[in-house]
J.: 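Here it is, the structure in full.
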Protein chains: 2
Amino acid sequence: METPIEQAVAVLRRNQLKITKQRQALLDYLVTYQDHYVAISEVDEHMRTLFAGMSHNTIYRNVKEFETLGLLELKSQANQTLVKYQCDFEHQHHHHFVCSNCGKVTELQACPLDEYEAQLPGCTITGHRMEIYGLCAECTQKQAN
Amino acid sequence: METPIEQAVAVLRRNQLKITKQRQALLDYLVTYQDHYVAISEVDEHMRTLFAGMSHNTIYRNVKEFETLGLLELKSQANQTLVKYQCDFEHQHHHHFVCSNCGKVTELQACPLDEYEAQLPGCTITGHRMEIYGLCAECTQKQAN
DNA sequence: AAACTAAATAGTAATGATTATGATTTAGTT
DNA sequence: AACTAAATCATAATCATTACTATTTAGTTT
């Protein structure tokens, strides 16, 4: 069984991108964010602590490159870009519930897009985003106490 | 019939906020963005051209204050905060289709939240966002030529 | 295994949106 | 007209992100 990192490296190869130490280290770190989002600026800070001398540019550029390859998911929030590892290569299309207390991300089944298409005659739909936020079951539980 | 500005001023009064020249000018400008989003930084630039000496602080603070009053809608995109006037006081809850070419915003009917609640047992849902993007009918038409 | 080359990175500095701060002004009230 | 809390101004700082150019390196070729 291939690990997520091995899968990711295979994707890089398939796209003729070089497997650099920096990219490997980035993937190693980001793979720990499979069910949470993290700010790129925090990834930047972390990587530059681990590897003195690593360039901001390298981190930001690669994160964005990895997104176009489908390895990561990005979203914009509070004037920051947040990133999360996308490990579900089989089902890339999905939507999220995000706990605003612990940050846990839950994938939602089904997509509401179909319902809306009829409301947009003549339009070209290129993308959409559906996100629900609140407290996950665990945090709801804790809050009750 | 009350104008949007009059309605907004009434909301300010109801919340014991002072009706300053700056706030009136801001509303006058923002009311022109009822079906488009605009970057706050652009609002800032515009207002400071109109009123030499107006403070960044004043603009950013008020835009955020107006959002909490339900006068404006904000969203984060590409490391900027975008703002749009919310004039539909009757139906505050809705979702959007945003044309990525001309920026036109179309309100969508119906909300997909209900479908998902069953998938989140024990969770507390505090909010959600559904947004579709692409080209509006007009821009699709033009692109075809 | 050494040479090669395009791609990637480092190092430094700049940019641009937003926020902080403390002194001054003003809307609405007394 | 005086009063006062709220709002604004003016200035500077902060923080995420991007730009730029010289240097390094992964992967290939000889």
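By convention in this document, chain letters (A, B, ...) are assigned in the order of the sequence lines, proteins followed by strands, and residues within each chain are numbered from 1.
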J.: Round to a whole Å and report the spacing from CD of Glu67(B) to P of dT18(C).
T.: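 In whole Å, dT18(C) P lies 13 Å from Glu67(B) CD.
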J.: For Asn62(B) and dT8(D), what is the distance between atoms CG and P respectively, to the nearest whole Å?
T.: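 After rounding, the gap between these two atoms is 5 Å.
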J.: Find which nucleotide of DNA chain C each of Leu17(B) and His56(B) is nearest to by heavy atoms, and output the residue with the more 5' nucleotide.
T.: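 Looking at the nearest nucleotide for each, His56(B) comes out on the 5' side.
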J.: Name the closest nucleotide to the Thr58(A) side chain, picking from dT18(D), dT9(C), dT8(D).
T.: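 Nearest nucleotide to the side chain: dT9(C).
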J.: Counting only side-chain N and O atoms of Thr20(A), is one of them less than 4.0 Å from OP1 or OP2 of dT9(C)?
T.: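 True: Thr20(A) side-chain N/O within range (under 4.0 Å) of dT9(C) OP1/OP2.
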J.: Reckon Lys21(B) has a side-chain N or O less than 4.0 Å from the OP1 or OP2 of dA27(C)?
T.: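 True: Lys21(B) side-chain N/O within range (under 4.0 Å) of dA27(C) OP1/OP2.
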J.: Could you check whether atom NZ of Lys104(B) has more than 12 heavy atoms from other residues, nucleotides or ligands sitting under 6.0 Å from it?
T.: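 Result for NZ/Lys104(B): open.
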J.: Under 4.0 Å from OP1 or OP2 of dT17(D): is there any side-chain N or O of Asn79(B) that close?
T.: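 The answer is yes; a side-chain N or O of Asn79(B) sits under 4.0 Å from OP1 or OP2.
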J.: Kindly compute the distance separating CD (Gln141(A)) from OG1 (Thr124(B)), expressed to the nearest 0.5 Å.
T.: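 Gln141(A) atom CD to Thr124(B) atom OG1 measures 10.0 Å (nearest 0.5 Å).
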J.: Quick one: is Thr81(B) getting a side-chain N or O under 4.0 Å of the dT18(C) phosphate, OP1 or OP2?
T.: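 For dT18(C), OP1/OP2 do have a side-chain N/O of Thr81(B) under 4.0 Å.
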J.: From the set dC9(D), dG27(D), dT8(D), return the single nucleotide nearest to any side-chain atom of Met54(B).
T.: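 Comparing dC9(D), dG27(D), dT8(D) against the side chain of Met54(B), the answer is dC9(D).
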J.: Just name whichever nucleotide pairs with dT30(C), Watson-Crick or G-U, keeping both distances under 3.5 Å, else none.
T.: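 Its partner is dA1(D).
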J.: Within this structure, what is the NZ-to-C1' distance between Lys18(B) and dC9(D), rounded to whole angstrom?
T.: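 It is 16 Å, rounded to the nearest whole Å.
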J.: Are Tyr60(B) and dT19(C) close enough that a side-chain N or O sits under 4.0 Å from OP1 or OP2?
T.: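 No.
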J.: Is it true that atom CD of Gln24(B) has more than 12 heavy atoms of other residues, nucleotides or ligands lying nearer than 6.0 Å?
T.: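 Yes, enclosed.
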J.: Asn15(A) CG to dG27(D) C1': how many Å, rounded?
T.: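 To the nearest whole Å, that distance equals 16 Å.
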J.: Could you tell me whether the phosphate oxygens of dA7(D), OP1 or OP2, come under 4.0 Å of any side-chain nitrogen or oxygen in Arg23(B)?
T.: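 True: Arg23(B) side-chain N/O within range (under 4.0 Å) of dA7(D) OP1/OP2.
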J.: What's the CZ-P distance between Arg48(B) and dA17(C), to the nearest Å?
T.: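 Value for this atom pair: 12 Å.
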J.: Can you tell me how far the CD1 atom of Ile40(A) sits from the CG atom of Leu72(A), to the nearest 0.5 Å?
T.: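 Reported value, rounded in 0.5 Å steps: 8.5 Å.
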J.: Between Arg129(B) and Glu131(B), is there a side-chain N and carboxylate O pair less than 4.0 Å apart?
T.: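 Answer for the salt bridge query: yes.
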J.: Using whole Å, report how far CG of Leu26(A) lies from P of dA8(C).
T.: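 Rounded to the whole Å, the gap is 14 Å.
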J.: Nearest to the side chain of Asn57(A) - dC9(D), dT18(C), dG11(C)?
T.: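 For Asn57(A), the side-chain atoms sit closest to dG11(C).
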J.: dA7(D) P sits how many Å from Lys64(B) NZ, rounded?
T.: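 After rounding, the gap between these two atoms is 17 Å.
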J.: Should the heavy atoms of other residues, nucleotides or ligands under 6.0 Å from CD of Glu115(B) be counted, would the total exceed 12?
T.: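 Enclosed.
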J.: Kindly indicate whether the side chain of Ser55(A) and the base of dG11(C) share any N or O donor-acceptor pair separated by less than 3.5 Å?
T.: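 For Ser55(A), whose side chain was compared with the base of dG11(C), there is a donor-acceptor pair (under 3.5 Å).
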J.: Under 4.0 Å between a side-chain N/O of Gln80(A) and OP1 or OP2 of dA17(C), yes or no?
T.: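 For dA17(C), OP1/OP2 do not have a side-chain N/O of Gln80(A) under 4.0 Å.
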J.: Would you say a side-chain N or O of Arg61(A) is under 4.0 Å from OP1 or OP2 of dT9(C)?
T.: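 Looking at the OP1 and OP2 atoms of dT9(C), one of them is under 4.0 Å from a side-chain N or O of Arg61(A).
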J.: For Met47(B) and dA17(C), give me the distance from atom CE to atom C1', rounded to whole Å.
T.: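 These atoms are roughly 18 Å apart.
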